[in-house]
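Model, not experiment: these values are computed from the prediction.
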Amino acid sequence: MDIGLTVGGSLERLTSTADGFAFAELSIGESAYIPEERDDGQLRDGLAATDAELCVHLPFDQVVATAVPQLNDAIVDYLAELLEWAGGVDAQKAVLHGTMRDPHDTDQRPAFASQLSSIASAGDDAGVEVVVENVGHQARGLPLSVLGEIARDTGTSVCFDVGHAYMEDGNDGVERFLGEYADLVSHLHVHDVRSRGDTHIPVGAGEVDYGFASDHFDDFDGTVAIEVFTDDIALLNDTARRVSDHLDDGA
């Protein structure tokens with residue numbers, strides 16, 4: 001199990017906070033780190049300085065599937081370009097939000113499954129594992145159960161965002177999803193949340209019951225990204241310690 005840190009699209013945050021973590025998860029594309037506009041030397045230097053490996057997060061605003069085949073083809077082409085770049089800088093994993101134009105249109109879910117398969121295949125070609133993230137609390141996010149079913153049907157790994165799942169369906173929803181799909185989870189996003197909506201706070205400061213780890217993640221050998229929106233090193237390290245303790249209890 002490797003514990004890393006999300007750094008948004010900021011190389012400055014990578015160099016100032018990622019030291020001591022196994023990897024940094026860098027957001028790429030659109031308004032984040034735009035590969036075609038950057039010299040990757042600074043990225044490589046930052047990773048070397050912090051002795052961190054790299055994971056990436058694919059664009060947040062880009063949905064995976066629409067009802068328009070031409071748009072879907074363009075989406076796959078764009079993400080394939082980013083994945084090829086990610087492979088070139090030795091990224092291990094690429095996180096993809098599980099979104100579509102209308103996630104409640106059941107007729108379009110086969111299109112989402114096809115898109116997901118194509119994007120994951122592009123990742124395989126680039127040597128990068130694509131992991132699809134649950135964002136069912138958002139307007140364009142597929143519901144937890146639907147995402148899990150499609151991920152299983154397509155053989156795609158899951159990035160399970162604990163706080164997102166709590167916001168969508170509470171601690172019971174976290175338990176239900178993991179009871180059915182924990183074996184698909186290769187990557188975790190961990191943070192805490194309160195029902196009033198202040199997400200991405202340090203673990204222990206909110207309402208998520210992290211006891212699920214001992215029930216569902218025996219011998220977890222995936223990656224865990226601390227996704228707490230602060231640059232306070234003490235808080236980041238405390239969340240890492242708490243999550244590690246929970247996962248070690250399950251090992």
Checklist entry - Does any N or O in the side chain of H191 come within less than 3.5 Å of the main-chain N or O of E227, such that one atom is a donor and the other an acceptor? => result no
Next on the checklist: Salt bridge check, R194 against D198: does any charged N sit closer than 4.0 Å to a carboxylate O?
Outcome noted: yes
Next on the checklist: Can you tell whether the side chains of R242 and D245 come within less than 4.0 Å, N to carboxylate O?
Outcome noted: no
Is there a donor-acceptor contact under 3.5 Å linking the side chains of [X] and [Y]?
| X | Y | value |
| --- | --- | --- |
| T99 | Q138 | no |
| E129 | H187 | no |
| H97 | Q62 | no |

Next on the checklist: For the OG1 atom of T199 and the CE atom of M167, what is their distance to the nearest 0.5 Å?
Outcome noted: 5.5 Å
Next on the checklist: Working to the nearest 0.5 angstrom, can you tell me the gap between I28 CD1 and E36 CD?
Outcome noted: 9.5 Å
Checklist entry - If you count the non-hydrogen atoms of other residues, nucleotides and ligands that lie under 6.0 Å from CG in D51, is the total more than 12? => result no
Item to check | Centroid-centroid distance, F23 to F21, less than 6.0 Å | outcome: no
Side-chain heavy-atom pair [X], [Y] within 4.5 angstrom cut-off:
| X | Y | result |
| --- | --- | --- |
| V208 | V190 | no |
| F160 | L144 | yes |
| Q108 | D102 | no |
| F212 | V162 | yes |
| V64 | M100 | no |

Item to check | Working for side chain to side chain contact (heavy atoms under 4.5 Å, CB included), residues D125 and L83 | outcome: CA-CA 9 Å; D125 291 343; L83 288 164; over 6 Å; no
